[in-house]
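What you see is a predicted model, and the numbers here were worked out from it, not measured in a lab.
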Amino acid sequence: MRDTDLINSIDTDAIETAIASAEKNCSGEIRVHVETTIGAHEIRSVGERVFERLGMTKTKDRNGVLIVLAAEEQQFVILGDEGIHAKVGDEFWHHVAQEMTDHFRHGRFTEGIVAAVSEAGERLAKHFPYHRADVDELSNEVSFGSSEEKR
Ligand code: CA
Ligand code: CA
């Protein structure tokens, strides 16, 4: 089954390590969230809801980046808060999404997510460099949920 493929094959330790290492070079916050299934919902609207729910809009510099995946549908969306979005523009997200899609097509879910996390981290580092007083404002843990019951 496709959903168990993505859910079972992603290596949350590898993703959390990638997030921690990206956040060592920037003040931004990166999170990854996996929904089991989004049913008939649009991945973007689900993503925006998760963005709010995880407190992504609460960072001091509004520089949170969230990758939301729908396991069963094998869809994803990458959302940047207004601080980072103002700096990078749409092409950057399209570029990262394209790279993720290439990995996903070959079933390389973890690699795709890790690549997106590192790219987002590099870009965050450019605009929001790490400083000594930096706080880990949002957990690096991959979170899980399901939109199904809200249909
Ligand atoms: Ca931080
Ligand atoms: Ca963090």
Side-chain angles (χ1 to χ4, degrees), residues 6 10-106 108-147 150-151:
L6 193 150
I10 58 165
D11 180 345
T12 53
D13 286 344
I15 294 166
E16 285 158 19
T17 302
I19 293 173
S21 102
E23 288 187 4
K24 266 191 200 115
N25 297 310
C26 67
S27 64
E29 295 293 324
I30 303 172
R31 288 205 70 157
V32 173
H33 177 89
V34 182
E35 290 279 302
T36 327
T37 176
I38 54 169
H41 295 287
E42 294 274 349
I43 184 71
R44 179 161 288 271
S45 57
V46 170
E48 282 164 1
R49 235 180 5 238
V50 173
F51 199 88
E52 289 282 337
R53 189 153 49 80
L54 293 180
M56 300 294 302
T57 56
K58 305 242 163 69
T59 61
K60 189 165 67 65
D61 295 324
R62 299 299 303 263
N63 55 3
V65 173
L66 173 68
I67 301 171
V68 176
L69 301 111
E72 190 177 310
E73 292 78 12
Q74 296 198 356
Q75 291 176 15
F76 65 85
V77 64
I78 308 168
L79 299 166
D81 204 0
E82 56 191 38
I84 179 70
H85 195 71
K87 304 274 188 189
V88 300
D90 282 336
E91 303 94 278
F92 174 66
W93 305 116
H94 288 154
H95 165 76
V96 176
Q98 187 57 54
E99 197 179 357
M100 256 179 97
T101 302
D102 289 343
H103 281 293
F104 275 37
R105 210 174 277 145
H106 296 97
R108 297 191 301 258
F109 302 115
T110 302
E111 291 87 338
I113 297 164
V114 165
V117 166
S118 333
E119 290 234 22
E122 276 171 34
R123 196 53 79 100
L124 280 168
K126 203 182 271 182
H127 301 290
F128 300 94
Y130 185 83
H131 46 86
R132 261 188 322 152
D134 186 68
V135 175
D136 186 21
E137 295 173 283
L138 297 168
S139 164
N140 299 343
E141 250 173 68
V142 177
S143 53
F144 291 86
S146 173
S147 310
K150 287 173 229 124
R151 236 189 293 184

Exercise for review: Name all pairs fulfilling the ring-ring contact (aromatic ring centres under 6.0 Å, His included) condition that reach into residues 17-37, sequence neighbours left out, sorted by first residue then second.
Suggested key: none
Check your understanding: Would you say Glu35's side chain and Val68's backbone share a donor-acceptor pair under 3.5 angstrom?
Key -> no
Check your understanding: Hey, is the main chain of Ile38 close enough, under 3.5 Å, to the side chain of Ser146 for a donor-acceptor pair?
Key -> no
Review point. From Asp134 CG over to Asp61 CG, what is the distance, rounded to the nearest 0.5 angstrom?
Key: 9.0 Å
Review point. If only atom types and distance count, is the side chain of Arg62 paired as donor or acceptor with the main-chain N or O of Thr57 below 3.5 Å?
Key: yes
Check your understanding: CD of Glu52 to CZ of Arg49: how many Å apart, nearest 0.5 Å?
Key -> 11.0 Å
Revision key, fill the gap. Shortest non-hydrogen pair, Val34 vs Ala71, comes out as CG1-CB, 4.2 Å
Review point. Can you tell me if Thr110 uses its side chain to pair, donor with acceptor, with the backbone of Asp11 under 3.5 Å?
Key: yes
Practice item. Could you walk me through whether Val65 and Trp93 pass side-chain contact (heavy atoms from CB on, under 4.5 Å), step by step? Key: CA-CA 10 Å; Val65 173; Trp93 305 116; 3.8 Å; yes
Check your understanding: When you look at Ile67 and Val117, which way does the side-chain contact (heavy atoms from CB on, under 4.5 Å) test go after all the steps?
Key -> CA-CA 8 Å; Ile67 301 171; Val117 166; 4.1 Å; yes
**Study point:** Point-to-point distance, once rounded to the nearest 0.5 Å, from CG of Leu66 to CG of Leu54
**Key:** 6.0 Å
Check your understanding: Are Thr37 and Glu73 close enough, and set up right, to give a side-chain hydrogen bond (donor to acceptor under 3.5 Å, both in side chains), and what steps lead you there?
Key -> CA-CA 7 Å; Thr37 176; Glu73 292 78 12; 2.7 Å; yes
Exercise for review: Measure across Asn25 and Ala125 and return the closest heavy-atom pair with its distance rounded to 0.1 Å.
Suggested key: O-CB, 3.2 Å
Point to revise | Side-chain (Glu29) to main-chain (Leu138) donor-acceptor, under 3.5 angstrom | key: yes
**Study point:** Aromatic plane relationship, Phe104 with Phe109 - under 30° parallel, 30 to 60° tilted, over 60° perpendicular
**Key:** perpendicular
Review point. Under 4.5 Å between any side-chain heavy atoms of Asn63 and His127, yes or no?
Key: no
Revision key, fill the gap. Heavy-atom closest pair (Gly121 atom, Ala22 atom, distance to 0.1 Å) is CA-CB, 3.9 Å
Review point. How many angstroms lie between atom CG of Leu69 and atom CE of Met100, to the nearest 0.5 angstrom?
Key: 5.0 Å
Check your understanding: If you look at every heavy atom in Ile84 and Gly64, which pair is closest and at what distance?
Key -> CG2-O, 3.8 Å
Practice item. Please assess Arg44 against Val77 for the test side-chain contact (heavy atoms from CB on, under 4.5 Å), listing each intermediate value before the final yes or no. Key: CA-CA 6 Å; Arg44 179 161 288 271; Val77 64; 3.7 Å; yes
Check your understanding: Do Phe76 and Leu6 have side chains that get closer than 4.5 Å, going by heavy atoms?
Key -> no
Point to revise | Pairwise distance CZ(Arg132) to OG(Ser27) - rounded to 0.5 angstrom | key: 15.0 Å
Point to revise | Gap between atom CD1 of Ile19 and atom CG of Asp136 - 0.5 Å precision | key: 10.0 Å
Exercise for review: Spell out, as yes or no, whether a donor-acceptor pair under 3.5 Å connects the side chain of Glu137 to the backbone of Lys60.
Suggested key: yes
Check your understanding: Does Arg31 use its side chain to pair, donor to acceptor, with the backbone of Glu141 at less than 3.5 Å?
Key -> yes
